K.L.:
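Sharing a structure with you now.
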Amino acid sequence: MVRHPDAPLTGGRAGLRRLARWWLAPLPAPPAALRRGPLRPGAFPSPLRSARLTSQLGIALGVAFAVCFLTGLLSHLIQHPPGWFSWPARPVWLYRLTQGVHVATGLASVPLLGVKLWSVYPRLFTWPPARSLAHAAERGSVAVLVAAALFQVVGGVLNISRWYAPMPFFFTTGHYWVGWLAAGALLVHIGVQLPVVTGALGRPAAPPPTVPPGPGPAGLSRRGLLTATAAAAGLITVTTLGQTVRPLSGLAVIAPRRPGVGPQRVPVNKTAAGAGVRAAALDPSYRLLVDGPGGHLSLDLAALNALPQYTAHLPIACVEGWSAAATWTGVRLRDLVTLVGADPGRTTVLVESLQAAGRYRASTVAPQLTADPLTLIALRLGGEPLHVDHGYPARLIAPNRPGVLQTKWIGRLTVGGPR
Ligand SMILES: Nc1nc2c(c(=O)[nH]1)N[C@H]1C(S)=C(S)[C@@H](COP(=O)(O)O)O[C@H]1N2
Ligand SMILES: [Mo]
């Protein structure tokens, strides 16, 4: 289409230009009488704050958040697998590693986020609060990022401390969706701040500020602050890794679980009493029901013990970041599946607990894991019958599987059950 040279700019481009002008137009100045307290000029004199410090902390925090987000997303996919996703059964310790890294990077973010927020919080009192609508929107996106980051870190710490009272919502769902919110807000933030970061890190560090004469302690240097922050992040990581890595267990002073502490030297998340299954689990008339396309079995403990027994050395790897390896003995799931006339490599198994209610009373085993020789209906732990808190009379233990899916106190197996 040929436009007449004298025709006025109409439609699309002119409209966009008008929109941009409106968006970037200076807003009226707020009354100067409001400039008191933290809003007055020079309210935050610390010479430690600089674009360079904030940039360095931001990069460290960005890396920690990215690793934490990706490992968290992985954990979500493993627990709620969409059709395109499959999680391998080997190496048996992979989930232990990825979830340990998720919790460790989340905890390392606590001091990083604290110091980062300290380095920028004077900007809360920026004057004027909004120069333009674009500036206001940018500040709004930072508010979303800060709120989401705090929600994730505080919620995560409350969850691994098993202190659910301050969270009147289901933690896992909230943590998952706010994780996406934080990731999106972080991308916007990086996009907006990238020029500032490259500028601040591209030029040499500013010379140390000249200290005004007079008494007063020598201030902390930027390097000193960064070292202290890194040391705090490292210390938190080491002291929580101790809840998984046996040689570090003596250091696990802030971790809620320790390897080797618990019945049969394995930690417990939910006890039999807590799940309300103690009586049913200890009932001598216990039977494991197995329903399949070719038959139904009702097996008492003697019958289960009479089947071929296998031993596997597999970890319990809790989503809360602790994990413990143990030696389990019992019946292969695939043997039971074969007994009720199904092909283990082609069928899912719904594993249901004697526990009447609760989110983790049931789990589904995918075909690949059903056929795996290491997937056991365990009857023993470390050679002894399972402690009731570990799932006596029978519990599921499968390789490279999150702890929440290692169902305890099994009452029924439905072969070919819903995925
Ligand atoms: N029936 C049932 N099984 C369950 C749970 C539960 O609450 N109910 N908790 C799960 C969780 S969260 C973990 S981490 C493991 C822990 O197993 P352990 O207590 O033997 O260490 O059990 C899993 N099996
Ligand atoms: Mo767990």
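It should be emphasised that the depicted structure is a prediction, and the values quoted were computed from it without experimental measurement. Ligands are counted one by one from 1 in listed order, and the atoms in each one are counted from 1 as well.
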K.L.:
Determine the interplanar angle of the His80 and His76 rings, folded into 0 to 90°, and report it as parallel if under 30°, tilted if 30 to 60°, perpendicular if over 60°.
P.N.:
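Tilted: the ring planes of His80 and His76 meet at 30° to 60°.
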
K.L.:
Using the ring of each side chain (for Trp, its six-membered ring), is Tyr95 parallel, tilted or perpendicular to Trp87, with breaks at 30° and 60°?
P.N.:
perpendicular

K.L.:
Can you name the one residue among Ile316, Ile160, Val103 that meets side chain to side chain contact (heavy atoms under 4.5 Å, CB included) with Trp322?
P.N.:
Ile316

K.L.:
Under the 3.5 angstrom rule, does the side chain of Gln355 hit a backbone N or O of Ala362 as a donor-acceptor pair?
P.N.:
no

K.L.:
Sort and list the pairs that fulfil side-chain hydrogen bond (donor to acceptor under 3.5 Å, both in side chains) and have at least one residue in residues 122-147, not counting sequence neighbours.
P.N.:
none

K.L.:
Pick out the protein N or O atoms lying less than 3.5 Å from any N or O of ligand 1, and list each pair with its distance.
P.N.:
residue	atom	partner	partner atom	Å
ligand 1	1 (N)	Ser353	OG	3.2
ligand 1	1 (N)	Gln355	OE1	2.8
ligand 1	1 (N)	Lys408	O	3.3
ligand 1	3 (N)	Lys408	N	3.0
ligand 1	8 (N)	Gln355	OE1	2.7
ligand 1	8 (N)	Tyr360	O	3.4
ligand 1	17 (O)	Arg395	NH2	3.2
ligand 1	19 (O)	Lys408	NZ	2.6
ligand 1	20 (O)	His390	ND1	2.6
ligand 1	20 (O)	Arg395	NH1	3.0
ligand 1	21 (O)	Pro267	O	2.6
ligand 1	24 (N)	Gln406	O	3.0

K.L.:
Apply side-chain contact (heavy atoms from CB on, under 4.5 Å) to the pair Thr229 and Leu112, showing each step before the final yes or no.
P.N.:
CA-CA 6 Å; Thr229 310; Leu112 290 174; 3.8 Å; yes

